[in-house]
Protein chains: 2
Amino acid sequence: MSDSAPPEVILDHRCSNCPVRHHAICAVLDNQSSHALSDIMVHKQLVPGQPLWSDKDEAHLFAIIVSGTVKLFKMLADGRQQIVGLLFPSDCLGRAYSETQQTFAEAVTNVELCCFPRQQFEHVLTQHPELEHALLEKTLTDLDNAREWMIALGRKTASEKIASFLQQMSRRSELTRCPNHRPTPDLPTFVLPLARAEIADYLGMTMETVSRNLTKLRVDGVIRLIDGQTVEICDADRLASLAEPQ
Amino acid sequence: MSDSAPPEVILDHRCSNCPVRHHAICAVLDNQSSHALSDIMVHKQLVPGQPLWSDKDEAHLFAIIVSGTVKLFKMLADGRQQIVGLLFPSDCLGRAYSETQQTFAEAVTNVELCCFPRQQFEHVLTQHPELEHALLEKTLTDLDNAREWMIALGRKTASEKIASFLQQMSRRSELTRCPNHRPTPDLPTFVLPLARAEIADYLGMTMETVSRNLTKLRVDGVIRLIDGQTVEICDADRLASLAEPQ
DNA sequence: AAAAGTCGTTGATAAAGATCAATTTGCGGA
DNA sequence: TCCGCAAATTGATCTTTATCAACGACTTTT
């Protein structure tokens, strides 16, 4: 159910030891400036399904994801849910410059966070324009990704959505994979962080339709389901043409 | 078809005369700093349907919308379209810090733009952290709005989408309406900037379904269609409960 | 003023996906 | 190892919305 290490107590939280040090927005700070952040930093561990906040909550927390996956989602009064963001290591979690959260946030796997009180983080932002710039670039990319997903939600068929999702997850796992430890000739393989019902909430459809379409891809030889959560892409070209016809 | 003035040649483009001066991101610059922008500013007029750029184009332009409506949209190879952003006066148009546009952009009505060469605009941004901050706040709001729309696209029914859209357009028109010129006791009325097919591309459905649902709201007495594009909200409460049940 | 478009509405039918229901699979604990 | 629960798959049916088609209301052209 989880693709991250079990929650061990990690004692050394110095930035110099941080696994996402070179990918997160804090990378732009020099050693001296990074104290401004490390002085207010608190580490936190979450277990799968653990909620972080609700949509009406006050935004008190800003964090960098060190390991694991977090989902951001919205909910209608009758319980219908839509995942509006999936966050991975080095991503930012929390809404700077807003008093309220606007989305729910919940750990999908075991998660390790590097947390800052929001207002203190904002104070550091105003004193370090290069950090604010990095946050702007990250936010612009988040917006690009949200828009890319909007055409999937609004205009793609169920099978196109599933193919797009698998492509996206495969691409994401490439980034995480240790580059010098890659048994070259095998096919791209990754663990789905989301359960079927969560995939459905991400794609705007039902669990059953997700399942049927995964089965179809398996039967057609496009993917292999090694276990329920582990996917091997057997035919990346065909997957790509299913994700965006033509 | 258009809710903005016909394209007259406006001679005076000084910032002090700008109608969106106090709402756009440039409002944060003091008089002296604003010269950095006004020195590289070029005004541009667009007519309805006029394309600004395509998704693969180089991002050479950054602009503030002075009047009119612009749509940002994505397209699949077979022609399916999804509007991923609607931009109104004081909104930013263009992707800072990216070489490519990623979306199509097209004038919906007559449009007046205050344009800057992107790279020169970025140069001003790096020299004026308060301007970059304003752009960050704007981008964070855009992301909030995109996520709000994602739950509509993924989880709302056709009638809920239409009701949400009308609410959103009504709210938007309140902002634009001159506050001291409001014949108080009448019902909220606004002009839809989008044609039926464009509303469909915004809501992720077909023109026919848009039309049927507008008719249903009219027959049920929730709205009145004064002409094809002008909508009067007769029962805002009922519209709200249709947009988000419960 | 007729003709030709374009846009929007309405109707009939089809298809995609949701819903409801029944198994099956996998996993943790006794 | 077996039991019990949760998650996933599969099947049957129903609903919503898309598609295909016709027509009416305006606009623009000639």
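- Checked against side chain to side chain donor-acceptor pair (under 3.5 Å), Thr139(B) has no partners two or more places apart in sequence or in another chain.
- The distance between atom CD of Gln229(B) and atom P of dC26(D), rounded to the nearest whole Å, is 12 Å.
- In plain terms, the two heavy atoms of Asp91(A) and Leu86(A) that are nearest each other are OD2-O, 4.1 Å.
- Position along DNA chain C of the nearest nucleotide to Asn213(A) versus Asp227(A) favours Asn213(A) as the more 5'-ward residue.
- Look at CD1 on Ile162(B): it is 11 Å from P on dT17(D), rounded to the nearest Å.
- When the nucleotides dA18(D), dG8(C), dT10(C) are ranked by their closest atom to the side chain of Thr209(B), dA18(D) comes out on top.
- Taking atom NZ on Lys156(A) and atom C1' on dG17(C), their separation rounds to 18 Å, with Å as the unit.
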Give the C-alpha distance, both sets of side-chain angles, the deciding distance and a yes or no for side-chain contact (heavy atoms from CB on, under 4.5 Å) between Arg95(A) and Trp53(A). CA-CA 12 Å; Arg95(A) 173 62 161 86; Trp53(A) 58 66; over 6 Å; no

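- Between Ala158(B) and Leu214(A), the residue whose closest nucleotide on DNA chain D is further toward the 5' end is Leu214(A).
- When rounded to the nearest whole Å, the span between CG of Leu194(A) and P of dA7(D) equals 14 Å.
- Comparing dT19(C), dT9(D), dT9(C) by their nearest atom to the side chain of Arg212(A) picks out dT19(C).
- Two residues, Thr157(A) and Glu208(A), neighbour DNA chain C, and the one matched to the more 5' nucleotide by heavy-atom proximity is Thr157(A).
- Residues passing the ring-ring contact (aromatic ring centres under 6.0 Å, His included) test with His43(B), sequence neighbours excluded: His13(B).
- Atom CZ of Arg218(A) and atom C1' of dT25(C) are 12 Å apart (whole Å).
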Show the numbers, then the answer: is there a side-chain contact (heavy atoms from CB on, under 4.5 Å) between Gln229(B) and Asp227(B)? CA-CA 6 Å; Gln229(B) 346 292 338; Asp227(B) 65 39; 3.7 Å; yes

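- Rounded to an integer number of Å, the gap from CD1 of Ile226(B) to C1' of dG8(C) is 18 Å.
- Between Glu174(A) and Pro188(A), the closest heavy-atom pair is OE2-CB, 4.2 Å.
- In terms of phosphate contacts, Ser211(B) brings no side-chain nitrogen or oxygen within less than 4.0 Å of OP1 or OP2 of dG8(C).
- Using a 4.0 Å cut-off on heavy atoms, the residues of residues 199-207 of chain B that approach DNA chain C are Met207(B), listed by number.
- Considering Thr209(B), Thr157(B), Leu214(B) in turn, Leu214(B) is the only one that fulfils the side chain to side chain contact (heavy atoms under 4.5 Å, CB included) rule with Ile162(B).
- Atoms CZ (Arg80(B)) and C1' (dT19(D)) sit 14 Å apart, rounded to a whole Å.
- Spacing between atom CZ of Arg196(B) and atom P of dT17(D) amounts to 18 Å, rounded to whole angstrom units.
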